[in-house]
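We number each residue from 1, following the sequence as shown.
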Amino acid sequence: MSEPQAPVTQPLARPHARRRRANWGLRLSLVVLLIASGLAVAGVRYYRWCEGSDGTQMPVTVQIPEGATGSQIVRQLQDKGVVRCGTVSEWLLRRSGLSEKIRAGTHDLTTNMDPNDAFLAITKAPPPVPTVDLTIPEGYRLTQIAARVQGVLKIPAKRFLVAADDGTWSLPPYLSSGDPLEGFLFPNTYEFEKHGTSATDVIRRLLGEFETEAAKLPWAAAEKQTGLSAYELVVVASMIEREARLEKDRPLIAAVIYNRLRAGMTLGIDATIQYIDPDPSNGLTASDLRIQSPYNTRINTGLPPTPIASPGLASLEAALQPAHVGYLYYVLCGADGHHKFSTSYRRFLRDKRQCLG
C-alpha cells in the first residue's frame, strides 16, 4: 500500500509581478487616452480649418443646376476652391438651414471663402436691375416710336429703324416676312432694363404684345365678312386709330371705310395723306392733297399699301366688328372730337358747313 501524496499547491504570485501587470494596464490606458486626445485635438483643428478661410481670393464662377442637392453643391464649391472641405462644409450647410434657399443659376464667388459666406452668397437675391417704363401711345407711327425709344432707352432712332426694316420680322397670320413693321408694334406701357436693352429686344417685345392682344379677336370671321386679309384689317384699324377721337365713333368710321370700299369709292381719309406729308407743320395744303402716292386716298381707290400707325385694341376691334350702318361720309364736329355721319354727299356738305363753318 503506497503512502498518500501531499496536494500540489500553486506558488503565490510575487508582489512585484502584480505591480508590473498593473503598470502595464495603466500605461495602455494612458496611451489610449493620449491617442484619443490627439485625435480630438486634430479633429477640432481640422474642423476649424475647414470652417475658416485664408489665402489669395480669385474670382470664380459656379453654375448651380436646378434641383441640385446639398452634397452636389458643396462638391462644386470644393472643386472650384471656394471652400476647403466637403464633408464638414456639407454639415455646415445643413446646420445653416440655407439648403432650401439656394438659387439655381450662375454665381460669381471667389476662392478661399468662409463656407457660411459662400452659402449666403448663393442664396442671396441678386440686386434689383434698374428699369424704365416705355410708353407707346396709340396711333404712333414707326418713326415716332423710334424717337420715343431713343428718348427713354437711349437706343439711336436710326439704329431702331434699321432693325425694324431688316425684312426678317414676321407674325403669322398677320405679318409676313418682308412686310414693313408699321402698325404692328403694339401701343402700351412696357418695362425694360435701363441698360443693355437692344432695338431687337424692344421690337420683339412689342410684336409679342400685338400677338397677345390680337389673339382675343375674331379674325377669321372678319376676314370672311370683309374679304380682306389679316394684314389689310390692320391697315383699316390704323386708319380708324388716326381718325377717331371718341370710342363710340370707331365702329362707325370702320363702317364708312368698308361701305366705300364696296362701292368702289375713294376713301378720302386725310390721315393717309398726313402719313406722307413732307411738311406736317402747316397742315394739309392744296398741294399735299395732290401728292401722287398710293397713300393719297383722295385720288386712289382701295386701301393704302401699309398701316399708317399702330392701332390699339379698340381700333382693332372696330376694324373686325364694324357697325352695321349705311354711312358713306363723316366730318369732325365739335370741340369734344365727335364726328357727324351721313349717307349722302348733300347731307355731308351740310354737316361740314355746320361743323367747320
**Q.** side-chain contact (heavy atoms from CB on, under 4.5 Å) assessment of Ile122 paired with Val62
**A.** CA-CA 9 Å; Ile122 61 179; Val62 175; 5.9 Å; no

Q. For Leu142 and Ala164, which heavy atoms make the closest approach, and how far apart are they?
A. CD2-CB, 4.2 Å

Q: Answer yes if the side chains of Glu193 and Thr131 hold a donor-acceptor pair under 3.5 Å, and no otherwise.
A: no

Q: Answer yes or no: does atom CE of Met58 have more than 12 heavy-atom neighbours from other residues, nucleotides or ligands under 6.0 Å?
A: no

Q | Side chains of Pro218 and Gln321 in contact at under 4.5 Å (non-hydrogen atoms) | A | yes

Q | Donor-acceptor contact below 3.5 Å, side chain Gln144 vs main chain Arg141 | A | yes

Q: Give me the ring orientation class for Phe348 and Tyr329: parallel if the planes are under 30° apart, tilted from 30 to 60°, perpendicular past 60°.
A: parallel

Q. Within the distance-only criterion (no hydrogens, no angle test), does the side chain of Asp201 pair as donor or acceptor with the backbone N or O of Ser198 below 3.5 angstrom?
A. yes

(Q) When you measure from the side chain of Asn259 to the backbone of Tyr327, do you find a donor-acceptor pair of N or O atoms at a distance under 3.5 Å? (A) yes

Q. With hydrophobic residues grouped by side-chain heavy-atom distances under 4.5 Å, do Ile203 and Leu134 end up in a single group?
A. yes

(Q) Set out, in order, the CA-CA distance, both residues' side-chain angles and the distance that settles side-chain contact (heavy atoms from CB on, under 4.5 Å) for Leu207 and Leu181, then state yes or no. (A) CA-CA 9 Å; Leu207 271 180; Leu181 276 184; 3.9 Å; yes

Q. Near Arg245 CZ, under 6.0 Å, is it more than 12 heavy atoms from other residues, nucleotides or ligands?
A. no

Q. How many angstroms lie between atom CD of Gln354 and atom CG of Leu349, to the nearest 0.5 angstrom?
A. 11.5 Å

Q | Closest contact, heavy atoms only, Ile145 versus Ser310 | A | CD1-OG, 3.7 Å

**Q.** Donor-acceptor under 3.5 Å (Tyr231 side chain, Thr306 main chain)
**A.** no

Q. Can you tell me how far CZ of Arg350 sits from CZ of Arg353, rounded to the nearest 0.5 angstrom?
A. 8.0 Å

Q: Check whether more than 12 heavy atoms from other residues, nucleotides or ligands sit under 6.0 Å from atom NZ of Lys248, and answer yes or no.
A: yes

Q: Side-chain contact test, heavy atoms from C-beta onward, threshold under 4.5 Å: evaluate it for His339 versus Leu252 and give yes or no.
A: no

Q: Please work out whether the ring planes of Tyr275 and Tyr295 are parallel, tilted or perpendicular, with thresholds of 30° and 60°.
A: tilted

Q: Locate the shortest heavy-atom distance separating Leu332 from Cys355; write the atom from each residue and the value.
A: O-CB, 3.5 Å

Q.
Is there a side-chain contact (heavy atoms from CB on, under 4.5 Å) between Trp169 and Asp179? Walk through the geometry before answering.
A. CA-CA 8 Å; Trp169 300 103; Asp179 286 338; over 6 Å; no

Q) Between Gln57 (side chain) and Asn112 (backbone), is there a donor-acceptor pair under 3.5 Å? A) yes

Q | Inter- and intrachain pairs under side chain to side chain donor-acceptor pair (under 3.5 Å), touching residues 206-217, at least two apart | A | Asn188-Glu209, Glu213-Lys216

Q) For the side chain of Trp219 and the backbone of Ala214, is there at least one donor-acceptor N/O pair under 3.5 Å apart? A) yes

Q: Check whether any side-chain heavy atom of Thr272 sits under 4.5 Å from a side-chain heavy atom of Leu267, and report yes or no.
A: no

Q. Hey, what do you get for OH (Tyr330) to CD1 (Ile253), rounding to the nearest 0.5 Å?
A. 4.5 Å

Q) Cluster question for you: counting only ILVMFWY and a side-chain heavy-atom cut-off of under 4.5 Å, with indirect links fine, are Val129 and Val132 together? A) no

Q: Could you tell me whether the side chain of Ile299 reaches within less than 4.5 Å of the side chain of Ile291, counting heavy atoms only?
A: no

Q. Counting only N and O atoms by type, is there a donor-acceptor contact under 3.5 Å from the side chain of Gln274 to the main-chain atoms of Pro280?
A. no

Q. Considering only heavy atoms from C-beta outward, does the side chain of Arg103 approach that of Ile64 to under 4.5 Å?
A. no

Q) So if you build clusters from Ile, Leu, Val, Met, Phe, Trp, Tyr with side-chain heavy-atom gaps below 4.5 Å, do Phe192 and Ile155 land together? A) yes

Q: Apply side-chain contact (heavy atoms from CB on, under 4.5 Å) to Leu328 and Thr343, showing your working.
A: CA-CA 5 Å; Leu328 290 170; Thr343 57; 5.7 Å; no

Q.
Looking at every non-hydrogen atom in both residues, tell me the closest pair between Tyr140 and Glu182 and how far apart they are.
A. O-OE2, 4.4 Å

Q: Compute whether any side-chain donor of one residue and acceptor of the other, for Thr266 and Thr297, lie under 3.5 angstrom apart.
A: no

Q) Tell me, which pairs form a salt bridge (charged side-chain N to carboxylate O under 4.0 Å, His left out) where one or both residues lie in residues 260-279, sequence neighbours left out? A) Asp270-Arg298

Q) Can you tell me how far the NE2 atom of His324 sits from the OH atom of Tyr258, to the nearest 0.5 Å? A) 11.5 Å

Q) For Leu246, does its backbone N or O pair with a side-chain atom of Asp249 as donor and acceptor, under 3.5 Å? A) no

**Q.** Shortest non-hydrogen contact between Thr135 and Arg148, atoms and distance
**A.** O-NH1, 2.6 Å

Q. Do Glu138 side-chain atoms and Pro187 backbone N/O form a donor-acceptor pair below 3.5 Å?
A. no

**Q.** Heavy-atom pair with the smallest gap, counting every atom of Gln225 and Leu320
**A.** OE1-O, 4.4 Å

**Q.** Spatial distance of atom CG (Leu217) from atom CG (Leu313) [nearest 0.5 Å]
**A.** 5.5 Å

Q) Hey, is Arg347 close enough to Asp351 for a salt bridge, meaning N to O under 4.0 Å? A) yes

Q | Joint hydrophobic cluster, Val152 plus Val149, side-chain heavy atoms closer than 4.5 Å | A | yes

Q | Pair Tyr174 + Phe184: ring centers closer than 6.0 Å | A | no

Q. Do Gln76 and Pro65 touch side chain to side chain, with heavy atoms closer than 4.5 Å?
A. yes

Q: Check whether any side-chain heavy atom of Val235 lies under 4.5 Å from a side-chain heavy atom of Leu228, and answer yes or no.
A: no

Q | Polar side-chain atom of Ser177 near backbone of Ser170 as donor-acceptor pair, under 3.5 Å | A | no

Q | Note, Phe210 side chain near Leu185 side chain (heavy atom, < 4.5 Å) | A | no

Q. Just how far is it from atom CG of Leu161 to atom CG of Asp166, taken to the nearest 0.5 Å?
A. 12.0 Å

**Q.** same_hphob_cluster(Leu289, Met239) at 4.5 Å side-chain heavy-atom cutoff
**A.** no

Q: List the steps, then state whether salt bridge (Lys or Arg N to Asp or Glu O under 4.0 Å) holds for Glu243 with Arg250.
A: CA-CA 8 Å; Glu243 289 284 286; Arg250 295 179 196 274; over 6 Å; no

